[in-house]
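Since the structure comes first, as structure tokens, the remarks are kept for the end.
All residue numbers in this chain count up from 1 along the given sequence.
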Amino acid sequence: MAQLELFSHPGPGVRYRAGLCSTAALGLLLLWALTYLPPLLMAYRSQGLWLKQSTYMEQPTVQFQYEVLLVAMTGADPGSFLAWSTFPAFNRLQEDQLRVPLISTREEDKNHDGKMDQLHFKLELPLQSTEQVLAVQLILTFSYQLHVSVINGTSPFSSDYDLTNIIAAYQDRNITTVLSDSNLVWLVGRAADAPFVINATIRYPVEVILYQPGFWEMIKFAWIQYVSILLIFLWVFDRIKIFVFQNQVLTTIPVLPVSSYKQHQS
């Protein structure tokens, strides 16, 4: 029967031979299976083998589009409001409720990376001495990578400027932005001739993008998880094989290197 080299000791250089269908060959096959298969099962059972979702961080390119829509409620009656926008068609619909505010804005690039980091926005709405603002609805539009406005500024129909329809159209888009962690302070007690003032600072934070990884990214991640466990098994079972073959737990034919054999003969 042909003899196959099953294992060689890296130190002394001893090679161990046995037949293909011998007990030693079957034992070596079992050791091979115990070395490579358990790490695969452990990585799979840990729910970390296949990368189903991944994230990356990116500073978005955000710019204020200088599009504003303001509705200030001055009472509980349906017609008790003041309104203004940068859309002429909307302003024509307001008639007596139209009130033009004074607006100042400034965008700031704090870290000088070429991308804006925040917007300073100030709006002053002139009021009569008998008027009082009870609530405010304010819409500002921004370009966020690709700008698709949800307000049709050329429409003559009032329904296109309805806040409910605007928000519904905004939420139907694949990508939305949300003003979060807003710290609101409403101060009361203005002077009779003082305007109603809105002071806001809107920051553009680094975004965490969630995406579904591609095939090769999944393979790379799975390989890293598998190899990190496999290295431990390779180290352990390499020493087990050295013990098994050196102590002839599995019967084999040791073959000494030629130099060692000549020294032994002499």
**OP:** Look at the side-chain heavy atoms of Ile, Leu, Val, Met, Phe, Trp and Tyr, link any pair under 4.5 Å apart, and say whether Leu138 and Leu98 land in one connected group.
**Re:** yes
Original post:
Who pairs with Tyr226 by side-chain hydrogen bond (donor to acceptor under 3.5 Å, both in side chains), at least two apart in sequence or on another chain?
Top reply: none
**OP:** Give a yes-or-no answer on whether the side chains of Gln59 and Tyr204 include a donor-acceptor pair shorter than 3.5 Å.
**Re:** no
Subject >> Taking every non-hydrogen atom, the tightest pair across Asp109 and Gly114 >> reply: OD2-N, 2.9 Å
Original post:
Under a 4.5 Å side-chain heavy-atom rule over Ile, Leu, Val, Met, Phe, Trp and Tyr, are Phe121 and Leu102 clustered together?
Top reply: no
Original post:
For Asp193, what residues pass the side-chain contact (heavy atoms from CB on, under 4.5 Å) criterion, not counting sequence neighbours?
Top reply: Ala191
Original post:
Is Glu108 paired with Arg203 through a side-chain N to carboxylate O contact shorter than 4.0 Å?
Top reply: no
Side-chain donor-acceptor pairs under 3.5 Å in residues 24-46, sequence neighbours left out?
{"from": "Thr35", "atom 1": "OG1", "to": "Leu31", "atom 2": "O", "distance (Å)": "2.7"}
{"from": "Ser46", "atom 1": "OG", "to": "Met42", "atom 2": "O", "distance (Å)": "3.3"}
{"from": "Ser46", "atom 1": "OG", "to": "Ala43", "atom 2": "O", "distance (Å)": "2.8"}

Subject >> Whether over 12 other heavy atoms sit under 6.0 Å from Gln132 CD >> reply: no
Subject >> Any donor-acceptor N/O pair, Glu95 side chain to Arg92 backbone, under 3.5 Å >> reply: no
**OP:** Please check if any side-chain donor atom of Ser143 sits under 3.5 Å from a side-chain acceptor atom of Gln65, or the reverse.
**Re:** yes
**OP:** Sequence neighbours left out, what passes side-chain contact (heavy atoms from CB on, under 4.5 Å) with Gln137? Give chain and number order.
**Re:** Val71, Leu163
**OP:** Provide the closest heavy-atom pair for Ala72 versus Val133 in the form atom of the first, atom of the second, distance.
**Re:** CB-CG1, 4.2 Å
Subject >> Greater than 12 external heavy atoms within 6.0 Å of Trp186's CH2 >> reply: yes
Show me the side-chain donor-acceptor pairs of residues 228-237 shorter than 3.5 Å, one per line, residues at least two apart or across chains.
{"from": "Ser228", "atom 1": "OG", "to": "Ile224", "atom 2": "O", "distance (Å)": "3.2"}
{"from": "Ser228", "atom 1": "OG", "to": "Gln225", "atom 2": "O", "distance (Å)": "2.7"}

Original post:
Is the shortest heavy-atom distance from the side chain of Leu70 to the side chain of Leu123 under 4.5 Å?
Top reply: yes
**OP:** Consider only side-chain heavy atoms of I, L, V, M, F, W and Y, link residues closer than 4.5 Å, and tell whether Trp84 and Tyr66 are in one cluster.
**Re:** yes
Original post:
Is the shortest heavy-atom distance from the side chain of Leu125 to the side chain of Ile198 under 4.5 Å?
Top reply: no
Subject >> Val188 with Val136, same ILVMFWY side-chain cluster at under 4.5 Å >> reply: yes
**OP:** Group every Ile, Leu, Val, Met, Phe, Trp and Tyr by side-chain heavy-atom contacts under 4.5 Å, then state whether Ile253 and Val249 land in the same group.
**Re:** no
Subject >> Between CD1 on residue Ile103 and NZ on residue Lys122, distance to nearest 0.5 Å >> reply: 12.5 Å
Subject >> Heavy-atom check, side chain of Val14 versus side chain of Val255, under 4.5 Å >> reply: no
Original post:
Apart from Val185 itself, what residues make up its hydrophobic cluster, given side-chain heavy atom links below 4.5 Å?
Top reply: Leu187
**OP:** Give a yes or no on whether the backbone of Phe90 and the side-chain of Gln94 come within a donor-acceptor separation of less than 3.5 Å.
**Re:** yes
Subject >> Any donor-acceptor pair under 3.5 Å from Glu107 side chain to Phe64 backbone >> reply: yes
**OP:** Give the C-alpha distance, both sets of side-chain angles, the deciding distance and a yes or no for salt bridge (charged side-chain N to carboxylate O under 4.0 Å, His left out) between Glu131 and Arg99.
**Re:** CA-CA 12 Å; Glu131 293 175 332; Arg99 186 72 56 84; 3.1 Å; yes
Original post:
Is it the case that more than 12 heavy atoms not belonging to Lys220 sit under 6.0 Å from its NZ atom?
Top reply: no
